Novice: 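My structure is below; once you've seen it, I'll send some questions.
Remember, predicted model here, so these are calculated numbers, not experimental data. Values below: all heavy atoms of this structure, side chains included; hydrogens, waters and symmetry mates excluded.
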Amino acid sequence: MTTQLEFIGHQRVRSSFFERENTWTINLRGQMRTISAELSGLNGKLHVYVDRQLVYETPWTKLFRFSHDFMIDGVPSSILYYLEDDYTVPHMYLIVDHINVETGRNVGKTTLPIWSWIFAMMCFIIPIMTIGGAIPALIGGLGGIFSLATANRRAESEWVRVVKIIGIVIVTWVVFIMFIYTFSPDAREAFALGFREGVESGLR
C-alpha cells in the first residue's frame, strides 16, 4: 500500500562543507508535519524533530553514517546524506517510506550496498599497509570516502556507480604509488628490484 505523501516545502541551511540544518513540511496521511534535522558541529550528532518533538538522536556508535532511521506517525523514515546532483557537497534528504520527499524518487534501501564497503576497504587499507603516515592516510581516506559517497548516489544505476568506484580505487592507488615512488627511496629501490627480477624471470 502506497503511503499518502505530499511535499509542501523545504528550507536548507549550509555550513561550510556539510549542511547543518534542514526543515521539511509534508502532508502525511492527511496530517501536516514539519520535520527538522540539525547536525551539531561540536560532536557530529544528528537531531531530528517532528513538530518540534525530538524523535531521533544519533547514537555514538552510529556517527559518520550516511543514513539515520526513525519513524514518523508509524511510517519508516530516514535522513540520508548523499550526492544527488554533484560530487562536491553531500546533501541532506528526508526519506519517507523509501521516497525522497523532494524528488518523489524511490531510493530503495537506505543502507549502503555491501559491495561498496569492499571497494572502500581497498582504499582504507593504504594507511594500514604503510603503518600510518599523514599523506597515505589522506590518500586512502579520501579514496574510501569518495567510494562510499559514489555508492550512495541514488540517482544513478548500480552498474554506473560500480564503474565509477572502480575508477576511484584505481586513481587512489595510482596516486599512492606515485607518492611512495617519489618520496620514498627505499620504496623506489624495492619497486625497481621487483621489476628487474620480474623481467629476468620472464626472460628465462
Side-chain angles (χ1 to χ4, degrees), residues 7 10 12 14 16-19 22 37 39 44 46 58 62-69 76-184 187-188 190-191 194-195 198-199 202:
F7 174 62
H10 174 228
R12 190 188 306 275
R14 182 176 299 168
S16 63
F17 183 70
F18 288 98
E19 291 174 355
N22 280 256
L39 182 66
L46 181 72
T58 310
K62 295 184 178 181
L63 292 178
F64 310 112
R65 288 188 56 174
F66 284 97
S67 64
H68 303 270
D69 304 325
S77 306
S78 305
I79 296 294
L80 254 62
Y81 270 103
Y82 64 93
L83 304 172
E84 178 75 26
D85 302 314
D86 54 58
Y87 281 91
T88 56
V89 178
H91 298 301
M92 188 188 293
Y93 291 95
L94 173 64
I95 311 300
V96 177
D97 197 19
H98 303 292
I99 301 296
N100 183 326
V101 299
E102 298 175 50
T103 65
R105 182 183 295 121
N106 190 321
V107 300
K109 294 182 178 180
T110 56
T111 55
L112 285 169
I114 297 298
W115 53 261
S116 66
W117 290 101
I118 297 174
F119 288 112
M121 287 307 299
M122 293 180 184
C123 298
F124 288 141
I125 199 174
I126 288 177
I128 298 175
M129 291 174 55
T130 57
I131 316 178
I135 301 301
L138 179 64
I139 295 172
L142 287 177
I145 290 172
F146 272 101
S147 294
L148 294 176
T150 301
N152 213 29
R153 274 182 65 89
R154 309 290 170 150
E156 296 177 341
S157 63
E158 187 170 84
W159 73 268
V160 170
R161 287 179 281 164
V162 169
V163 170
K164 287 184 175 182
I165 292 174
I166 291 174
I168 291 173
V169 173
I170 292 174
V171 169
T172 300
W173 273 92
V174 167
V175 171
F176 170 64
I177 292 171
M178 289 176 61
F179 167 75
I180 62 173
Y181 188 76
T182 302
F183 296 100
S184 175
R188 184 163 57 246
F191 179 83
F195 180 78
V199 172

Novice: To the closest 0.5 Å, what do you measure between NE2 (H68) and CD1 (I95)?
Specialist: 12.5 Å

Novice: Quick one: side-chain contact (heavy atoms from CB on, under 4.5 Å) partners of I99, sequence neighbours excluded?
Specialist: L5, N106

Novice: If you round to the nearest 0.5 Å, how far is CE of M92 from CG of N22?
Specialist: 5.0 Å

Novice: Grab the two heavy atoms, one from I168 and one from T150, that are nearest each other, plus how far apart they are.
Specialist: CD1-OG1, 3.3 Å

Novice: Between CG of L138 and CZ of F179, what distance do you get to the nearest 0.5 Å?
Specialist: 10.0 Å

Novice: Say you draw a straight line from OG of S78 to OH of Y93; how long is it, rounded to the nearest 0.5 Å?
Specialist: 15.0 Å

Novice: Does M178, at its CE atom, have more than 12 non-hydrogen atoms belonging to other residues, nucleotides or ligands within less than 6.0 Å?
Specialist: no

Novice: Tell me whether W117 at atom CH2 has more than 12 heavy atoms from other residues, nucleotides or ligands lying less than 6.0 Å away.
Specialist: no

Novice: Please tell me if the side chains of F7 and L94 come closer than 4.5 Å, counting only heavy atoms from C-beta onward.
Specialist: no

Novice: Would you name the heavy atoms of A37 and L46 that are closest together and state the gap between them?
Specialist: CB-CD1, 4.1 Å

Novice: What distance do I135 atom CD1 and F176 atom CZ have between them, rounded to the nearest 0.5 Å?
Specialist: 11.5 Å

Novice: Would you name the heavy atoms of G144 and C123 that are closest together and state the gap between them?
Specialist: N-CB, 3.4 Å

Novice: Between CE of M122 and CD1 of I170, what distance do you get to the nearest 0.5 Å?
Specialist: 10.0 Å

Novice: Can a donor-acceptor pair be found, under 3.5 Å and without considering hydrogens, that links the side chain of S147 to the backbone of A120?
Specialist: no

Novice: Counting only heavy atoms not in L142 (residues, nucleotides, ligands), do more than 12 fall under 6.0 Å from its CG?
Specialist: yes

Novice: Among all residues two or more places apart in sequence or in another chain, which pass the side-chain contact (heavy atoms from CB on, under 4.5 Å) test with V163?
Specialist: W159

Novice: Might you point out which heavy atoms bring P136 and P127 nearest each other, and give the distance in Å?
Specialist: O-CD, 3.9 Å

Novice: With sequence neighbours left out, write down each residue that passes side-chain contact (heavy atoms from CB on, under 4.5 Å) with W115, or none if nothing qualifies.
Specialist: P113, F119, A151, E158, R161, V162, I165

